[in-house]
Amino acid sequence: MPAALALTTTLDEIAGISQPYLTPRDRHRSHLLYLTRSRAGYALMQQSGILLDPRKITAWLSEERIPSAEQQQRLDEAFRRLRRRNMAPSLTRRLNSGGGTRVEIHPVDQSGVDAKHQRVARWRRKNIHRWDPIVAAWSCGDMREMTHQWEHAISDLDSDWRQYEHVTRLGFWA
């Protein structure tokens, strides 16, 4: 996967946005509870195209009715936007503390590639000292800027830094 996507996924995990341990029904309920606790949540739901009918939202919260698949997707998007915005300042402080955060970069798995076409790519460790621009791009959901910031962060690895533009996964020591 592109490293910017892996970086976004890892930051989402750290911020508690991706919740794989919850059932879809529980996840949507927790997202709805999170969104309905602030005016910003209501504003983001409205921006996402969710009609703010108090009876409908009350029915969703009491589980009398279930949002349609399209509405659930819109709720998830609104939740992701609000959670990223709310978590960005504390996540930046956490990742910048102690001189930065070390990232393990696991290159693309080449086991399915013919031996004559495989490139030698080992996993690397990189200490990123300034997370401000990366977290700012993540909180806005700007993948172009995430890609740019990732390339900037790894450009000093060595002459083969471009082989780390696509990775199997990223691990954080945060």
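Computation of the quantities below employed the complete heavy-atom set of this structure, encompassing side-chain atoms and omitting hydrogens, waters and symmetry-equivalent molecules.
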Considering only NZ, NE, NH1 and NH2 on the basic side and carboxylate oxygens on the acidic side, decide whether Glu104 and Lys126 come within less than 4.0 Å.
-> no
Under 3.5 Å: donor-acceptor pair, side chain of Arg83, backbone of Ala15 = yes
Closest non-hydrogen contact found for Asn127 with Gly99 is ND2-O, 3.8 Å
Within the side chain of Arg65, is there an N or O that forms a donor-acceptor pair under 3.5 Å with the backbone of Ala59?
-> no
Flag side-chain contact, heavy atom, 4.5 Å: Met143 against Thr8 = yes
One should read off an interatomic distance between Ser90 OG and Met87 CE, to the nearest 0.5 angstrom, of 4.0 Å
Please name the pair of heavy atoms, one in Met146 and one in Ile134, separated by the smallest distance, quoted to 0.1 Å.
-> SD-O, 3.4 Å
Counting distance only, does the side-chain N/O of Arg29 pair as donor-acceptor with the main-chain N or O of Leu61 below 3.5 Å?
-> yes
Leu95 and Leu11: side chain to side chain contact (heavy atoms under 4.5 Å, CB included), yes or no, with the steps?
-> CA-CA 10 Å; Leu95 294 172; Leu11 290 173; 3.8 Å; yes
Test item: Thr36 and Trp60 side chains (from C-beta on) under 4.5 Å apart, heavy atoms = no
Side-chain heavy atoms of Leu32 within contact of Gln72, under 4.5 Å = no
Spatial distance of atom CG (Asn86) from atom OG (Ser38) [nearest 0.5 Å] | 6.5 Å
Among Ile, Leu, Val, Met, Phe, Trp and Tyr joined by side-chain contacts under 4.5 Å, find the other residues sharing a cluster with Leu22 and list them by chain and number.
-> Tyr21
What pairs of residues pass the side chain to side chain donor-acceptor pair (under 3.5 Å) test when at least one of them lies in residues 39-54, not counting sequence neighbours?
-> Gln47-Arg81
Residue pair Thr101, Trp131: steps toward the side chain to side chain contact (heavy atoms under 4.5 Å, CB included) verdict = CA-CA 9 Å; Thr101 298; Trp131 285 89; 3.6 Å; yes
Grab the two heavy atoms, one from Asp132 and one from Asn96, that are nearest each other, plus how far apart they are.
-> OD1-ND2, 2.8 Å
With sequence neighbours left out, what residues match Arg80 under salt bridge (Lys or Arg N to Asp or Glu O under 4.0 Å)?
-> Glu77
Decide yes or no on side chain to side chain contact (heavy atoms under 4.5 Å, CB included) for Ser139 and Arg85, but give the supporting numbers first.
-> CA-CA 5 Å; Ser139 68; Arg85 191 183 77 192; 5.6 Å; no
Applying side-chain contact (heavy atoms from CB on, under 4.5 Å) to Pro2 and not counting sequence neighbours gives Leu5, His166
Closest heavy-atom pair, Ala3 versus Val167, reported as atoms and distance to 0.1 Å, is CA-CG2, 4.0 Å
Under 4.5 Å between side-chain heavy atoms, chaining through other members, with only Ile, Leu, Val, Met, Phe, Trp and Tyr counted: pull out the rest of the cluster around Ile66, sorted by chain and number.
-> none
Mind checking what makes side-chain hydrogen bond (donor to acceptor under 3.5 Å, both in side chains) contact with Glu145, not counting sequence neighbours?
-> Gln149
When rounded to the nearest 0.5 angstrom, what distance separates OH in Tyr34 from CD1 in Ile17?
-> 8.0 Å
To the nearest 0.5 Å, tell me how far His152 NE2 sits from Thr147 OG1.
-> 14.5 Å
Output the distance between atom CG (Leu170) and atom CG (Leu7), rounded to the nearest 0.5 Å.
-> 6.0 Å
Does the side chain of Asp12 come under 3.5 Å of the side chain of Thr9 through a donor N or O and an acceptor N or O?
-> no
Side chains of Phe79 and Leu33 in contact at under 4.5 Å (non-hydrogen atoms) | no
Going from CZ on Phe172 to CZ on Arg102, what distance comes out if it is rounded to the nearest 0.5 angstrom?
-> 13.5 Å
